[in-house]
Amino acid sequence: MTIKRMDHVGIIVDDLEAAVAFFGELGMEREGDGSVEGAWVDRVNAIDDVRVDIVMMRTPDGIGRVELTRFLSPALSDAEPTNAPPNTLGIRQIMFEVDDLEDTVARLRQHGAQLIGEIAQYEDAYLICYVRGPAGIILALAEAVG
C-alpha cells in the first residue's frame, strides 16, 4: 500500500477571508493559518519568490480538511475560462454531505454562491446540487433522503 490517508484538498483563492467565511458557513472550522515562503516552497512549486498566506479549514468530523491559499507573490494566474463548467478537465468540485440542502444553499448565497443548474433528487438516496463559490470553486452538496 502506498497511500496512508488523504490529508487535504488545496484551493487557490484571491480573497482569503471571503473563502474562509464561505467554508465556515458550511460548518468547517478554522484549524490554523500562517504564511509560507522560502527556498523549499520555491522548489516545490517550481516558481521563484513564492509567498503565500494559508488557512486550513477542518470538517466538523475532524477528518476532512481544505487548505485555502492566497498567493502574495508571484501574482495569480487566471484559469481559463474563469467560471469553467462542471465538465471541464481537472478537479472540478468537492462534495459535502449536508443536513439541510435548501438552507445550506440559502446561507451560501449570502456569501456570493450561485446555484449551478437545479437541486435534483438522485434515486431515493440524495437531493444534490452544484454551487459556485469564491474563486469559481464548485461544491457538490448532497442531503440524504428516505
Side-chain angles (χ1 to χ4, degrees), residues 1-86 88-119 122 125-145:
M1 178 152 120
T2 58
I3 295 176
K4 292 183 176 182
R5 67 182 169 94
M6 185 178 135
D7 188 78
H8 68 271
V9 173
I11 302 173
I12 308 303
V13 300
D14 55 353
D15 186 336
L16 192 55
E17 290 310 314
V20 167
F22 179 78
F23 283 96
E25 192 65 52
L26 280 171
M28 295 187 81
E29 299 175 7
R30 193 177 192 136
E31 183 177 65
D33 55 85
S35 298
V36 179
E37 63 183 292
W40 74 271
V41 76
D42 291 358
R43 289 194 312 272
V44 168
N45 284 279
I47 301 173
D48 292 331
D49 193 33
V50 172
R51 290 183 303 115
V52 297
D53 288 336
I54 295 172
V55 174
M56 192 65 75
M57 302 291 290
R58 182 183 63 245
T59 56
D61 63 7
I63 297 171
R65 298 187 316 163
V66 172
E67 177 187 283
L68 302 171
T69 302
R70 178 183 57 200
F71 270 76
L72 305 172
S73 171
L76 288 173
S77 294
D78 285 331
E80 295 295 331
T82 302
N83 286 321
T88 301
L89 287 174
I91 296 174
R92 290 309 315 146
Q93 47 96 357
I94 302 171
M95 179 172 246
F96 293 103
E97 184 176 352
V98 299
D99 57 4
D100 184 333
L101 185 60
E102 299 265 350
D103 179 64
T104 301
V105 170
R107 288 185 294 111
L108 291 177
R109 281 186 167 147
Q110 295 173 9
H111 293 273
Q114 298 173 335
L115 190 61
I116 299 172
E118 308 173 9
I119 295 174
Y122 172 70
Y126 291 99
L127 289 176
I128 189 168
C129 70
Y130 285 163
V131 296
R132 187 182 310 275
I137 299 163
I138 297 175
L139 298 183
L141 301 174
E143 175 187 344
V145 295

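Keep in mind the model is a prediction, meaning the values are calculated, not measured. Atoms considered below: every heavy atom in the structure, side chains included; atoms not considered: hydrogens, waters and symmetry mates.
Using a 4.5 Å heavy-atom threshold, the side chains of Val50 and Leu72 count as separate. Side-chain atoms of Phe71 and Ile12, non-hydrogen and from C-beta on, do get closer than 4.5 Å to each other. At least one side-chain heavy atom of Phe22 sits less than 4.5 Å from a side-chain heavy atom of Leu139. Contact of the Met56 side chain with the Val66 side chain is not registered, since no non-hydrogen atoms from C-beta on lie closer than 4.5 Å. Side-chain contact check for Val52 versus Ser35: every heavy-atom pair is 4.5 Å or farther apart. Using a 4.5 Å heavy-atom threshold, the side chains of Leu108 and Phe23 count as separate. The shortest distance between side-chain heavy atoms of Val131 and Ile138 does not fall below 4.5 Å. Contact annotation: the side chain of Tyr122 never approaches that of Val145 to less than 4.5 Å [non-hydrogen atoms, C-beta and beyond].
Residue Cys129 comes nearest to Val105 through the heavy atom pair SG-CG2, 3.8 Å, listed as atom of the first residue, atom of the second, then distance. When all heavy atoms of Pro60 and Gly27 are compared, the closest pair comes out as CG-O, 3.4 Å. Residue Pro134 comes nearest to Ala19 through the heavy atom pair CG-CA, 4.0 Å, listed as atom of the first residue, atom of the second, then distance.
Counting only distance, with no hydrogens or angles, the side chain of Asp42 and the backbone of Asp49 share a donor-acceptor pair below 3.5 Å. Looking at Glu143, its side chain does come within 3.5 Å of a backbone N or O of Leu101 through a donor-acceptor pair. When atom types are taken as modelled, the side chain of Asp61 and the backbone of Ile63 share a donor-acceptor pair closer than 3.5 angstrom.
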Hey, mind stepping through Leu141 and Leu26 against side-chain contact (heavy atoms from CB on, under 4.5 Å) and telling me if it holds? CA-CA 10 Å; Leu141 301 174; Leu26 280 171; 4.1 Å; yes
Item to complete: Step by step, work out the side-chain contact (heavy atoms from CB on, under 4.5 Å) result for Leu68 and Leu16.
Response: CA-CA 7 Å; Leu68 302 171; Leu16 192 55; 3.7 Å; yes
task: Under the side-chain contact (heavy atoms from CB on, under 4.5 Å) rule, what do Glu102 and Ile119 come out as? Steps first, then yes or no, please.
output: CA-CA 8 Å; Glu102 299 265 350; Ile119 295 174; 3.8 Å; yes
**Request:** Kindly indicate, with the supporting measurements, whether the criterion side chain to side chain donor-acceptor pair (under 3.5 Å) is fulfilled by Thr69 and Glu67.
**Result:** CA-CA 6 Å; Thr69 302; Glu67 177 187 283; 3.1 Å; yes
Worksheet entry | Full working for side-chain contact (heavy atoms from CB on, under 4.5 Å) between Ile94 and Ile11 | CA-CA 10 Å; Ile94 302 171; Ile11 302 173; 3.5 Å; yes
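The CD atom of Glu118 sits 12.5 Å away from the CG atom of Leu127 when rounded to the nearest 0.5 Å. Expressed to the nearest 0.5 Å, how far CD of Glu31 lies from NE2 of His8 amounts to 10.5 Å. Atoms CG and OG, from Asp48 and Ser73 in turn, are 9.5 Å apart once rounded to the nearest 0.5 Å. In this structure, CZ in Arg107 is found 13.0 Å from CZ in Arg109, a value given to the nearest 0.5 Å.
In this structure, Asp7 pairs ionically with Arg65, as a charged nitrogen and a carboxylate oxygen lie closer than 4.0 Å.
Among the candidates Met57, Met28, Glu25, the single residue satisfying the side-chain contact (heavy atoms from CB on, under 4.5 Å) test with Val20 is Met57.
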